[in-house]
Amino acid sequence: MCGIVGAVAERNITAILLEGLKRLEYRGYDSAGVAVFTNDEKLERMRRPGKVSELERALDAEPLLGRLGIAHTRWATHGAPCERNAHPHFSGDLAVVHNGIIENYEALREQLKALGYVFTSDTDTEVIAHLLSHKLKDLADLTVALKATVKELHGAYGLAVISAKQPDRLVAARSGSPLVIGLGLGENFLASDQLALRQVTDRFMYLEEGDIAEIRRDSVQIWDLNGKDVEREVVQYRDGAEAADKGEFRHYMLKEIHEQPAVVQRTLEGRLSQNQVLVQAFGPQAAELFAKVRNVQIVACGTSYHAGMVARYWLEELAGIPCQVEVASEFRYRKVVVQPDSLFVTISQSGETADTLAALRNAKELGFLASLAICNVGISSLVRESDLTLLTQAGREIGVASTKAFTTQLVGLLLLTLSLGQVRGTLGEGVEAKLVEELRRLPARLGEALAMDNTVEKIAELFAEKNHTLFLGRGAQFPVAMEGALKLKEISYIHAEAYPAGELKHGPLALVDNDMPVVTVAPNNELLEKLKSNLQEVRARGGQLIVFADEKAGMTNGEGTHVVHMPHIHDILSPILYTIPLQLLSYYVAVLKGTDVDQPRNLAKSVTVE
Ligand code: G6P
């Protein structure tokens, strides 16, 4: 997490750095800072707690002008989000910005203190600045000193450094945290995500793990993990920077919720024939590999993990393939027994989530048949390191709480289920053709669910004064309930828990009273009658019920029961449809509570640290 921008140019770079930081705010937004080698040849910085707009205000009042600089937007790991802990960190003539976590920072800190270095922050980053300063005493060159410094760092880092002693360059190092160089004419840039630099260039060079780079105005030199001088491919983006405005919507999240019919449609495009899924959508070797798959292991984090949990129901029910799903932070540190012929599937919006990436790297050592990434970013590390890929076509998602990425992941996972079943011949008669037909109708159904916007907005009023909620679902709707609860807690800060409805009486029923609304998703399937009994258990304890129910489920409003009728849909696709009202519900509750919907407190869009 955190965002890095750097620039070396012939013109003033402060505005470029600030614009880059604004574009990177999705990575963290609790403080921001910039260090510039100023036109009067001094290294100066400005740091502010809070959002980039605070830093911008401070720079308006006291401008820093220069042609070399680095900047950072922070998501606090070590030390509170205050000015003292904001990056850049200084040591003598040096300024450093850092993404990631230095695991051995305590030992290094003690060593450096013993050498007389004074620490002014609680961060792990400051040890890098002092260690580099120390190395520079013997090794006069900044790049050489950086190479020596990173050898002593354990953990993950994306680093950018400038020095008042060698103001012709920006130096950078990548290990576990992405960095990309933006190439200009007579000027060059650095960032943790190319999005930060799209206003100044469309040509990029991605650093690989272990790379060190020296970036000057008119040249870029890169050394790999082994210190070998290397060239990295230049990638050119021809499409204009993606529109990132909210349009008619009040928040990005609402805009992204409403984009779902279009992005689901885009995710399906070119991947369906008349009545089948095109298996080659997963890559040229997909058909051959899928034929061998006997097990699936899914690993992901957050919302993407919930998508994986839905897929488990589909893979076992439709394709008859045993499936396990686990959060990446657990999987990566567990002794895993790998079933024979297992496909390792990661799901990620960003493709840069540190735990998911680490789990993929571990999986490669564990004897999986192959790896597949279902991801929204084609140039991400996850995609580059996986054997097979299916790109969701959600477009850029800015709201921290994921919405359209989730529904497009579900579409991708259903395509995977049908592809595996097709190749292995395990789908029931006519199942694939029927579901392909239903998938084609899905965007229209999602549009119908979005038309219930005003109804859900009214229901949200029931939650504004509550502190706790329960979300219930059965079968593949249980992960949908989990995702609904996650959305509500993320953006409205109301405590929300999800339970499989059948577990209610084994504990959570004790919590149910008039102050604890219970939200349920109730499609018309074979579990409906059982679910209705669970709901009676809630009503009998005075609990307020909010039920999103199939129009044919025969559920009606009553004392303490609010039923919202949903368009009828094929049961397999219902998790995608029923996600929509839960997203809208959390959105409207958050609006009523006046929280920062798009950038909720303490969270970040892309979690590139453990
Ligand atoms: C963060 C985001 C979530 C996201 C999760 C996994 O927590 O705030 O919205 O679901 O990371 O991210 P990924 O990019 O791997 O899907």
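Just so we're clear, the structure is a prediction, and the values are computed from it rather than from any experiment. All residue numbers in this chain count up from 1 along the given sequence.
Under the 30°/60° scheme for interplanar angles, the aromatic rings of Tyr587 and His251 are found to stand perpendicular. By the 30° and 60° cut-offs, the orientation of the rings of His130 relative to Phe119 is perpendicular.
Between the side chain of Asn104 and the backbone N or O of Ala107, no donor-acceptor pair lies under 3.5 Å. Side chain of Thr595 to main chain of Ile491: a donor-acceptor pair is present (N/O by atom type, distance under 3.5 Å, no hydrogens or angles). Not a single donor-acceptor pair under 3.5 Å links the side chain of Glu326 to the backbone N or O of Ile298. The main-chain N or O of Arg332 is found under 3.5 Å from a side-chain atom of Asn362 such that the two form a donor-acceptor pair. Judged purely by atom type and a 3.5 angstrom limit, Glu209 has no side-chain atom pairing as donor or acceptor with the backbone of Ser175. A donor-acceptor pair is defined here as one N or O able to donate and one able to accept, closer than 3.5 Å; no such pair exists between the side chain of Thr407 and the backbone of Gln260. Side chain of Asn99 to backbone of Tyr157: no donor-acceptor contact under 3.5 angstrom is found. With hydrogens and angles disregarded, a donor-acceptor distance shorter than 3.5 Å links the side chain of Asn376 to the backbone of Gly395. A donor-acceptor contact shorter than 3.5 Å is absent between the side chain of Tyr206 and the backbone of Ser381. Under a 3.5 Å cut-off, the side chain of Gln166 and the backbone N or O of Leu142 do form a donor-acceptor pair.
The shortest heavy-atom contact between Asn85 and Ser121 is OD1-CB, 3.3 Å. Residue Leu183 comes nearest to Val220 through the heavy atom pair CD2-CG2, 3.9 Å, listed as atom of the first residue, atom of the second, then distance. Between Lys255 and Lys246, the shortest heavy-atom contact is CD-O, 3.6 Å. What you find for Val383 and Gly378 is that their closest heavy atoms are CG1-O, 3.3 Å. The minimum heavy-atom distance between Asp30 and Ala76, with the atom names listed, is OD2-N, 2.7 Å. Here the closest heavy-atom approach between residue Val5 and residue Ala196 is recorded as CG2-CB, 4.4 Å.
With salt bridges taken as basic N to acidic carboxylate O contacts below 4.0 Å, none links Arg23 and Glu25. Salt-bridge annotation for Asp124 and Arg109: absent, with no side-chain N of the basic residue lying under 4.0 Å from a carboxylate O of the acidic one. The existence of a salt bridge linking Arg361 and Glu385 is confirmed by a sub-4.0 Å separation between a basic side-chain nitrogen and an acidic carboxylate oxygen. Salt-bridge annotation for Glu56 and Lys22: present, with a side-chain N of the basic residue lying under 4.0 Å from a carboxylate O of the acidic one. Salt bridge annotation for Arg217-Glu187: absent, with no cationic side-chain nitrogen under 4.0 angstrom from a carboxylate oxygen. A salt bridge is absent between Asp211 and Lys228: the closest approach of a Lys/Arg side-chain nitrogen to an acidic carboxylate oxygen does not fall below 4.0 angstrom. Here Glu490 pairs with Lys487 in a salt bridge; the nearest charged N to carboxylate O distance falls below 4.0 Å. A salt bridge links Asp93 with Lys165: the closest approach of a Lys/Arg side-chain nitrogen to an acidic carboxylate oxygen falls below 4.0 angstrom.
Gln393 and Thr408 share no donor-acceptor pair across their side chains, judged by distance under 3.5 Å alone. In the model, Ser91 has a side-chain atom that pairs as donor or acceptor with a side-chain atom of Ser133 under 3.5 Å. No side-chain N or O of Ser31 forms a donor-acceptor pair with one of Glu83 less than 3.5 Å apart. Asn12 and Thr14 share a side-chain donor-acceptor pair at under 3.5 Å.
By the 6.0 Å and 45° rule, Arg232 does not stack over the aromatic ring of Phe204. Both the sub-6.0 Å distance and the 45° axial angle are satisfied by Arg45 relative to the ring of Phe90. Remark: Arg601 qualifies as a cation-pi partner of Tyr493 under the 6.0 Å distance and 45° angle criteria applied to the six-membered ring.
Around CG of Leu366, the count of heavy atoms belonging to other residues, nucleotides or ligands within 6.0 Å exceeds 12.
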- Task: Kindly determine whether Asp193 and Lys605 satisfy salt bridge (charged side-chain N to carboxylate O under 4.0 Å, His left out), including the steps that lead there.
- Result: CA-CA 13 Å; Asp193 182 330; Lys605 182 79 190 148; over 6 Å; no

- Message: I'd like to know whether Thr73 forms a side-chain contact (heavy atoms from CB on, under 4.5 Å) with Cys2, so could you lay out the CA-CA distance, the side-chain angles of the two residues, the decisive distance to 0.1 Å, and finally the verdict.
- Response: CA-CA 5 Å; Thr73 177; Cys2 309; 6.0 Å; no

- Message: Arg216 vs Glu214, test: salt bridge (charged side-chain N to carboxylate O under 4.0 Å, His left out). Steps then yes/no.
- Response: CA-CA 7 Å; Arg216 297 170 190 243; Glu214 184 180 279; 3.0 Å; yes

- Item | Trace of the salt bridge (charged side-chain N to carboxylate O under 4.0 Å, His left out) decision for Glu54 with Arg57 | CA-CA 5 Å; Glu54 299 295 327; Arg57 246 191 296 277; 3.1 Å; yes

- Task: Report the C-alpha separation of Gln409 and Ser304 in whole Å, then their side-chain angles, then the decisive distance to 0.1 Å, and conclude whether the side chain to side chain donor-acceptor pair (under 3.5 Å) test is met.
- Result: CA-CA 7 Å; Gln409 285 167 350; Ser304 301; 3.0 Å; yes

- Message: Under the criterion side-chain contact (heavy atoms from CB on, under 4.5 Å), I'd like the reasoning laid out for Ile128 against His89: C-alpha separation, chi angles, the key distance, then a yes or no.
- Response: CA-CA 9 Å; Ile128 308 173; His89 289 284; over 6 Å; no

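Proximity of Arg396 to Ile398: side-chain heavy atoms (C-beta onward) are separated by under 4.5 Å at one or more points. Inter-residue side-chain proximity for Leu108 and Glu152 is flagged as met; some heavy-atom pair is nearer than 4.5 Å. Side-chain contact between Ser380 and Cys375 is present, with heavy atoms from C-beta onward closer than 4.5 Å. Contact check for Met205 versus Ile222: side-chain heavy atoms found under the 4.5 Å cut-off.
Leu159 CG to Leu146 CG: the interatomic distance, rounded to the nearest 0.5 Å, is 6.5 Å. Summarising the geometry, atom CZ belonging to Arg203 is positioned 12.0 Å from atom CD1 belonging to Ile181; distances are rounded to the nearest 0.5 Å. In this structure, the separation between CD on Glu352 and CG on Leu382 is 8.0 Å, given to the nearest 0.5 Å.
Sorted by first and then second residue, the pairs that involve residues 110-120 and meet side-chain hydrogen bond (donor to acceptor under 3.5 Å, both in side chains), not counting sequence neighbours, are Tyr117-His134, Tyr117-Lys137, Thr120-Glu126.
Only one option out of His154, His98, His78 pairs with Tyr105 in a ring-ring contact (aromatic ring centres under 6.0 Å, His included); it is His78.
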